[in-house]
Every structure is written in C-alpha cells, then in structure tokens.
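Before any comments, here is the structure.
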Number of protein chains: 2
Amino acid sequence: MPQLRLALAQVNPRVGDLDGNVELVLDAARQAAADGAHLLVMPEMVLSGYPIEDLAYRASFIAANQERVPRLAARLDDEGLGELVVVVGHLDSAKEHVDTDRLGVPKNAPTNSASVLHRGAVVTRYDKHHLPNYGVFDEFRHFVAGDETQVVQVGGVDVAIAICEDIWQDGPSAAAHAAEAGLLVVLNGSPYEAAKDDSRLELCARRAREGDCALAYVNLVGGQDELVFDGDSLVVDAAGELVARAAQFEPELLVVDLDLPAATAAMPEPGTRFHGLSVHRTVLSSDPVAAFETRPSRVAERWDDLGERYWAIVLGLRDYVRKNGASSVLLGLSGGIDSTLVGAIAVDALGAENVFGVSNPSAWSSEHSRSDAAELARRTGLRLDTVAIAPIFEAYQQALHLDGLAEENLQARIRAVIWMGLSNQHGHLVLACGNKSELATGYSTIYGDAVGAYAPIKDLPKTLVWEVSRWRNAWAQSHGETPPIPENAISKPPSAELRPGQLDSDSLPDYADLDAVLDAYVERDLGSAEVIAEGHDAALVERVITLVDRAEYKRRQYPPGPKVSRRNFGRDRRVPMTNAWRESL
Amino acid sequence: MPQLRLALAQVNPRVGDLDGNVELVLDAARQAAADGAHLLVMPEMVLSGYPIEDLAYRASFIAANQERVPRLAARLDDEGLGELVVVVGHLDSAKEHVDTDRLGVPKNAPTNSASVLHRGAVVTRYDKHHLPNYGVFDEFRHFVAGDETQVVQVGGVDVAIAICEDIWQDGPSAAAHAAEAGLLVVLNGSPYEAAKDDSRLELCARRAREGDCALAYVNLVGGQDELVFDGDSLVVDAAGELVARAAQFEPELLVVDLDLPAATAAMPEPGTRFHGLSVHRTVLSSDPVAAFETRPSRVAERWDDLGERYWAIVLGLRDYVRKNGASSVLLGLSGGIDSTLVGAIAVDALGAENVFGVSNPSAWSSEHSRSDAAELARRTGLRLDTVAIAPIFEAYQQALHLDGLAEENLQARIRAVIWMGLSNQHGHLVLACGNKSELATGYSTIYGDAVGAYAPIKDLPKTLVWEVSRWRNAWAQSHGETPPIPENAISKPPSAELRPGQLDSDSLPDYADLDAVLDAYVERDLGSAEVIAEGHDAALVERVITLVDRAEYKRRQYPPGPKVSRRNFGRDRRVPMTNAWRESL
C-alpha cells in the first residue's frame, strides 16, 4: 500500500489581508516540507479570509485574490517547496462553461474554490458545489456553484477534494466514491457552535465509510467578527475510525502518516455525472513515495462544554480586537458578575496590561460593587480607574428633570459617554458586558450599558455566566493559579444599582426559569403553547414572552445606528410589528 | 370576447398584524364588490405583511397565518362577498409532494403563497417559484419553492397566477403562455428603488407580449423597516400597452374593465412541465359574466425623480413610526440643512403637532444656527425647545479632560443623551439626521449624532439633500403654500460646529466631487482603478477611498449594539479587516 505524509494546516487568516494570508500558507508549507510531508491541505478560503460575505461583490477584490494564486505557486517553487502538493482555498470566479447569465447572480460570478499547486503551477481547481444559505451562512447569495469533482493523483494515491458543506450534503462524496479515491480532503471554514457534541467526527466517519476512503478535515481557527472557528481538524480512516486530531482554538500543523490504496480506477466515461458533478482527474505522481517509517499520530484532548465556551469567547475577543487593528480594551466594571467575567476574559485574551477597567459609582452604588471591582483588578492585574457620575448626572438633571426609567437610563448613558470619551482619547475598544438573558428581556439601556465594539458574553445566558465563572476559577485552581473572579461577585444577588435597593429579581423571574424559557422561545423558536407543553408554568411563560417581545419591539424601534448601505442591503433579525397574531394563553 | 371587471388592491399591511391585515382584504373586497368587480387581486404576502424574513422560522407564526386563509374565505362568504373571486398572498407551508428533506431547508418548509378564495372556500393555491436572494431579498433562505402553475377560470377567462420575482425570471410566464391564459395576475412586494426608470412597466409589457395575454401587476404600498413599497400597480394588455395605473406611495383600489379571450385551451398532458412547472387548472365559472358597460381606466400621473425620493422618504418615516407603535418624533435641530430637511419631512409625515425639535447650542454654535432652526419651526409649526450643553460639557470635562476629536465627539454624545432622555420621558422616537455622504465618510459621531430609531435621509447623498430641499420648497410654492425650508439653511456652507469656525470643507472634498466618487466606489462597488478610469482625479479618488475605508473600519469596530441572536444569525455588510489587498494608486 502506498504511503503518504499528510499535513493539515489549521491557521488563522484575516479577512482581506491577502498578503498576510499568503504568508500563512508559505509558513505552513515550509514547516510541512521540513517535516517530510507530501501533501499539505489549507482550510477553506484561507487566502481571502472567511467569511467574506458581500466582499464577493467587489470585482477588484476578486481580481486581487485571483492574482495571488499563481504567484503563491511560483513563490513555493522559488523557495524549493515545489514538490510539496499544496491544496489551498481561495476566492475565484466561475469557470467559463458555467452558465451565469441569470438575474441575481453576483457580478463576476464569485466561487469558493480550492486550487492544487505543484512545481510552481496551479494544476487544477475545484469549486464548492453546495453553498449553504442557512444559520450563519449566506453562500448561495454570494457565490456561484461548481459542477466538477477534482481528483489528483499524488504518490500513486487518488485524492479527491471537497469544501465544507459539500460533505454535509450528498453528492461530492458520492462522486469521490465513484472515482474510487483513496483519500478525500475537505477544506473547511466551520464555526464553533456551543453544545453540538461531536457531530463533525460523526459526519466525517460516515462519509469515509460511504466513500470507502480515508477523510482529512482541515478547519480554520480564530475569531472573525461574530464567528469563532475552532480548529479541531481531524483525520479518519476508511472504516471511520479517528486517526488524528488537532487542538481546539489554537493554530496547529497536524501531520499524519497514512497507508492508502494505490490508484487503479479507470476514469468514468466523459460526460458521466454523479449528483450533477463530472469527475476530472490530474496525475501529479503515479509512483508511490519512497517508503518511510510511520510515526504515531497525535489525537488532541478536547475541552469539556464549559471549557469550550470559555476559550471560544477568549479567542473571539482576542481576534476581534487584533484583527480590527486595536490592542487594548476598556470596560465599565460595576462589581457585578457580568463585567467581572468579561474583565477576566479580556485579561486572558489580551494580557492585563491591555485591559482598562473604569468604575463609575453613582449615589446608589453599594460598597461591595467597588470592593469587588478592586478585588478583580488585584487578582488579574488589570488597571482600574474611577470616575464618579454624580456631578454629571446633576448637570443633566438641572436641564431635563427626568424621572423613573428615563432617570435610570440617564445614569447608564452617562457611563457610556465616559467610556467612549476615554476610548477616543486613548484608543481602547470599549467592551459591552451584557449577557444573553438580559439582552433578550431588554434589561439593559440602549446607548448605555449596551454601548461597545464587542460584547463577549452576549451569547451566554446568565446561568451560564455563573457556571463559566466557576469553571474559570476551578481551572485556575487546578493549575495552581489564583482564581481571577472574586467569589463574592459570583455569589451575591445581581443588581443594576440604578435606584436604591434595586435587584434583578424585582424585574425578572428567577434566572434558571428564565433561561429555560428563553432557550425554548428564542433559541428553538417554539410558540407559547409548545413552551408550556414542555412543562413550564403558563404564567411564567406568558411573563417571559411578554418581556422578550417588548424588548424586541424596543430593539426594533432603535435598530443600531444607520449603516451605509448598497441600496439598502443591511438586514437584521426580524420581529413582527405586533404580536397580536399570537393566541393568548 | 368575455368581459371582466378586475380590482387590484394596493394596500399597506403591517408585518405580523394578521387580523389587521385580514381587515384590509375585507375592506378591499367590500369596495370591489360594491363597484361590480368580478376578480380582486391582493399583493404578495398581504396577510402576514412583507418581508417577514426569519419570522418564517417560527412554526407558530406559520400556523397562525395558515389558519386565517380559510377563515377569511368563510368571512367573505358570510358577508355576501362569496361570488367575488379573491386572490390573496400569504405565508404557508410546502405541499406534501415537495421534497423538503434537505439540510438547510427551514423547519416547516415555509412558502410564499397565493390562494384563490371563492364561495367560502380556498379553491386552489400557488406557491412562488422563483425565490430572489439578492439585493434586499433573502427568500431562498426563508422559503421553499413551489413547482406548479395555477390557472383559474373566471367568467370564461383563464387567469394564471404568479408572484413577483416569478415574472422577472423565465418560467412562470412561459407556463402561463403554454396554458393559453387570457390574463396573468401578478402579486408583488416590490420595493421602491431610486432612479430605476420605468423598468416595471417595461417588464410587464414584455411578459404580456411573450405570454400573449393581459397582465395585471398589484404591489404593496407603505414603509416596512428599511423598505418602502411604492404601489404603482398597473395593467397592460396583450400587446404590452399600458391600460391602467394606480398612484405611487398611496393606497388605492384600481378597478379596470377588460375584454379578454374566452378560455378554449385543452389542458396540457398530465406530467408535462414548463421550466419545471406543472400546470393545474380550476374552473370557477365557465360562462362569461353578464355584459356591462365599460368605464374608462385611470392612469395615474407619476412623480418626477426628486418627487419620488421625497415622498418615498415621507412614507418610509410615517410607517416606521406608526407601525412601531409610536406617534411622535424628536430630533436635534442644528439649523443645518440635514436636520432642517428631516424636520420638514417629519412634519409632512406625521403632522407638526407630532414633531419635537431640540436645539442644543454649544459655545461654538453660530447665531444663524439658532435663527434657522427657529425659522423652520415658524414655517412648519413644529415645536422647538432649547437645552444648552455647556454646563454638562463642563461637568464631563472636569473629570475627563478630553481634547481633539474626543472633545468634539463628547459634544455630539451629550446631545444624544439629552434626546434619548427626553424620548424616554415623553415617548417620542428619536430621528437621526445624517446623510449618506457623511455616513459613508465617517463624518459623524457614533452614539452621538448617529443616535436614533430611524435615519430618514441616510440614503440621500448631500448633493441630493440640497436638491430635494429645493424641490420641496418649489412644490410648496407651486401649490400656494409657504416653502417649509428656510433659504439660508440651503445656501449657507455646511458645518458641524464642534469647534470654532469649523466647516465641512476643512475635512471633506467638495460635495459634488465626493458624491460622484461615492456613487462609483460604494454604490457600484468599483475598484479604485475603475473609478479613476471614469475620469475622476486620482488624488481625489485616493482621498475619498481612504475616508470611506477608514469610516468602514471604524464602523466595523463598533457595530451597533449587541443583538439577541439565534446561534448568531445577525449579519451585517462586510468590510475587509484591512484594505492592504488594494493596489496603491
């Protein structure tokens, strides 16, 4: 059986940084070649970064991407890396035979492509066939689909290529099977999703068994806007058994030695199609590579559910800040658990010297608010400054005489103006500290505590804010470090402290109940009857849905600031103008 | 030749207000029946409102929509309107024969449908075939496509049905032609787009000639979030000649008398498909209606380009406010042309008694700023209050000691906090007054003047702000009314007045040059080389692109406040993390 040493490069590109991303490929190729690899596979769209969304509409951006593929092939060869076969994901434009003369096809017909580079040339190119258009994906909108499967023979082994969604759908793996490939390499830009179990491994194992071939899955790693790519690249054999696996949330070059079947297949008749795909073959080297001694493969340990969430948030924040050209962050530290956890996350992401906390006590702030914020600063080393809001509050009130909720919101907005002023003066990015439970129920102030460039815990319900905080402290303890989060911040009853003696529980149900109903109503989109049928108290369900709907209508009224649109392309999550259609309980 | 009296109901539904929208259909049916109509066609998705975007994912919302269709049919019959054939657009769920067992198909397989109601029953249903997924449309994401064409025989005339995009693509009109329909009725939710000439009429005429049948096009009217539906319903005959046309930007029941060919066609063989569509036929009445005297049809006059823009903005604002459950607005009036025009628009949209202006002079505000704002109030009757910001500014600065841009932004943010405080206290929605040129170049303050529920002129470049202002004044004069906009606000040089003697021209190119380059770079997505090739000065292009890119990166850093997402569904216009890929000039 021929051998192959396969390298999977789990790297962290930056959208639009074409030359920086080319360097990531070159670095991986140098390392793979030095390690004796024969084949290097990079992730989906590594040259452009991913997802590019409507950057796909810019002809000049497509052209800039296309130019870099042959230049990369030439540079690899110039550096003496030409013998290494490199499969690289990039943005391209549909091949001539594809019909793109339809209304709604983006100008220049962009494709999500993978090119094979060898001996200084681009030897063939595969265009993604299945363009996902659900969840966080919008690819059917931005790309044109390919209609070919590419098989390249490397060291006497037939290697088929697929990109991400291609293996979640039928078709490409069937085509690979029909071509009797010995290995299917899959380039991915697959974002982290909480609590999705190990569905990736299960899928890869199933496709490997269906195709009767080994399968190598290489994923991006890193945060890009609201997505976090978690790495977790892996290889399974033709029986679907896990052979190798890379780390989660960290760059890695995963090198794996494989024994693979020799290519013997005749090509399918020209014109034959499998699920709409024609099979194309390119022979790069038909003789097996020189025999080498096989090394054991690494199978990285995986984080548990809370650890996954924590490091996903840390990575997302770090890359958001750095990829956006900043290095430091500023956040309001109230002493409550939300901002305390965000402070600890920011220190893990950026280092204590890049985290600036501001305490903005008001007349209603408790003593423990200040002491808990100070304790976080002491434990983590972040910097804490204090700017009292009372004199500013009085200046506004002399002119406005606000009361009730308007008066509460005023305090939150004064804080936000202070953070943004310091941010403008010193160049820090402001972080918003709201959690998902509070955002969903509208328990926050627009243009107040909701202000910020990035909201690290916006997808964590309050109950998980506590759990993740405890997890972080326990992890520190098990590593002999100081737990960063003051115990009192975790255990005290939550309060917004916008009026005397205020507690969250005055306005909201118990968080455990609230989060369970939010999961059903917001995450799973169930109707009120279905939520009640799951065993929740009808009055509680009515109360939570009323809170969520009211918050949604408020958020609908104040969609965040105007965007520059191309004939109004901007789109947001939709809520009805009224919930009158909902049957009353 | 059989006659038909056809009614097209150009109405203004509200997303989610199912019962309110049912009333719109009933009102139209009463009026159409009273007027002797035989067939009433309502717009696309009139029962749910449009666009519903990801409301399509809520099973309980789909169910609530489905229930209302047979109930509407029964109510029509109960009211003695059962003989009128009513075609009504609504949300439904894919028919059983459609394969929906694919990854990414939305739960419950929502469809964009049109049902035919007659004598108390739902007699047949058509599901939209072409699901647009470009520009402002996302239907491929939210809906499942139908695969049938429906032909109903009314008064001896075969009437085929299509929905909006169906006639922009080939297929449905070919199927209607194959079925030898005498009339093709098209239900639309087609938003206003500036300066698109009369492409709708051209398309309808072309499809009518292709299908050799008359074509009736009925559109929604009204603002819904960032879209404005402009009405403009129309009828062309089989030669493509315009027969009747309804108003733009206003609800209307357009009633048209038509002579149409008698149905004689044999049905196509079962199983025959035209562009993937099978043809289904339902005979409601095969005898021609009793002969009646034909009345002349109305062909409404259309607005010119500036008038279209003005009334589109007025309608968009009015419906945004009302559909969001508010009745009044508050805006900062600086005396500059942007806020002055927005004030005039708000008065046209909501009445002077619902428009509250606030003047927030600072140390740098000029005398004409105050007098121009006062003059607008005098001319239009809107209410003007004054809250000086100097004491508040000083309270902040005693704590923060900001300078430069941070100090300029502080003033803008203090104003925003005042507006939001008054808004919370009194229930007005805050309007943002930024124009497109200033938003595109970042000449505005996030959480400052960018604050607001709605930004009426965010899609108007500055040069058009002046043109539209002059248009509004001229229109007033030609109607013997006082021009609402003080001439000095139009003629004076623009300034943000955030530091002494500041003028826009200190920071920005001449607006005529700026807007021309913005049109090429932002609207048409040209690369820098292409913009220069259009004849613009290279240094100007470089300057504008640098401004736009810098503004985009800033806006990328501070995407508007956190949203509650379903596993991060929220998506925004994409900019690269760097523009390093762009070849230097």
Side-chain angles (χ1 to χ4, degrees), chain A residues 14-18 53-55 57-58 60 64 103-104 132-134 136 140-141 168-169 226 323-324 387 391-392 395-396 399-400 402 406 409-410 413 417 420-421 424-425 432 434 439-440 447 450-451 453 455 458 525 527 557-558 560-562 564 568-570 573-574 576-578 580-581, chain B residues 14-18 53-55 57-58 60 64 103-104 132-134 136 140-141 168-169 226 323-324 387 391-392 395-396 399-400 402 406 409-410 413 417 420-421 424-425 432 434 439-440 447 450-451 453 455 458 525 527 557-558 560-562 564 568-570 573-574 576-578 580-581:
Chain A
R14 183 167 168 237
V15 165
D17 186 12
L18 306 192
E53 301 279 336
D54 63 359
L55 282 176
Y57 300 143
R58 293 199 201 170
S60 57
L103 192 65
N133 211 70
Y134 55 87
V136 299
F140 183 81
R141 186 179 174 91
W168 292 84
Q169 309 272 358
E226 69 271 37
K323 291 184 182 180
N324 272 306
V387 180
I392 303 168
Y396 276 107
L400 301 179
L402 305 178
N409 286 337
L410 175 59
R413 292 192 181 117
V417 172
M420 288 303 298
N424 285 167
Q425 189 80 29
L439 290 170
Y447 308 128
V451 152
K458 82 178 176 69
D525 258 333
Q557 282 186 353
Y558 280 87
V564 174
N568 287 318
F569 274 19
R573 174 169 178 249
R574 192 69 36 178
M577 308 301 294
T578 161
W581 57 273
Chain B
R14 184 167 168 238
V15 165
D17 185 13
L18 305 192
E53 300 279 335
D54 63 359
L55 281 175
Y57 300 143
R58 293 199 200 170
S60 58
L103 191 65
N133 211 68
Y134 56 87
V136 300
F140 183 82
R141 185 180 174 91
W168 292 84
Q169 310 272 358
E226 69 271 40
K323 291 184 182 181
N324 272 306
V387 180
I392 303 168
Y396 276 107
L400 301 180
L402 305 178
N409 285 336
L410 174 60
R413 292 193 180 115
V417 172
M420 289 303 299
N424 285 168
Q425 188 81 28
L439 291 169
Y447 309 128
V451 152
K458 82 177 177 69
D525 256 336
Q557 282 185 353
Y558 280 87
V564 175
N568 289 317
F569 275 18
R573 173 168 178 250
R574 191 69 35 176
M577 309 299 294
T578 161
W581 56 273

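Each chain gets a letter, A, B and so on, in the order its sequence line appears, and its residues count up from 1.
Most heavy-atom pairs under 4.5 Å with chain B: of the set P132(A), A406(A), A399(A), P391(A), this distinction falls to A406(A). Heavy-atom pairs under 4.5 Å with chain B peak, among V387(A), I392(A), L410(A), at I392(A).
The two residues D525(B) and R58(A) come nearest to each other via the heavy atoms OD1-CG, 3.4 Å. Nearest approach of S60(B) to G527(A), heavy atoms of both residues: OG-CA, 3.5 Å.
Under the side-chain hydrogen bond (donor to acceptor under 3.5 Å, both in side chains) criterion, N424(B) pairs with N409(A), R413(A), not counting sequence neighbours.
Taking the six-membered ring where tryptophan is involved, the planes of Y396(A) and Y396(B) are perpendicular, since the angle between them exceeds 60° and thus also 30°.
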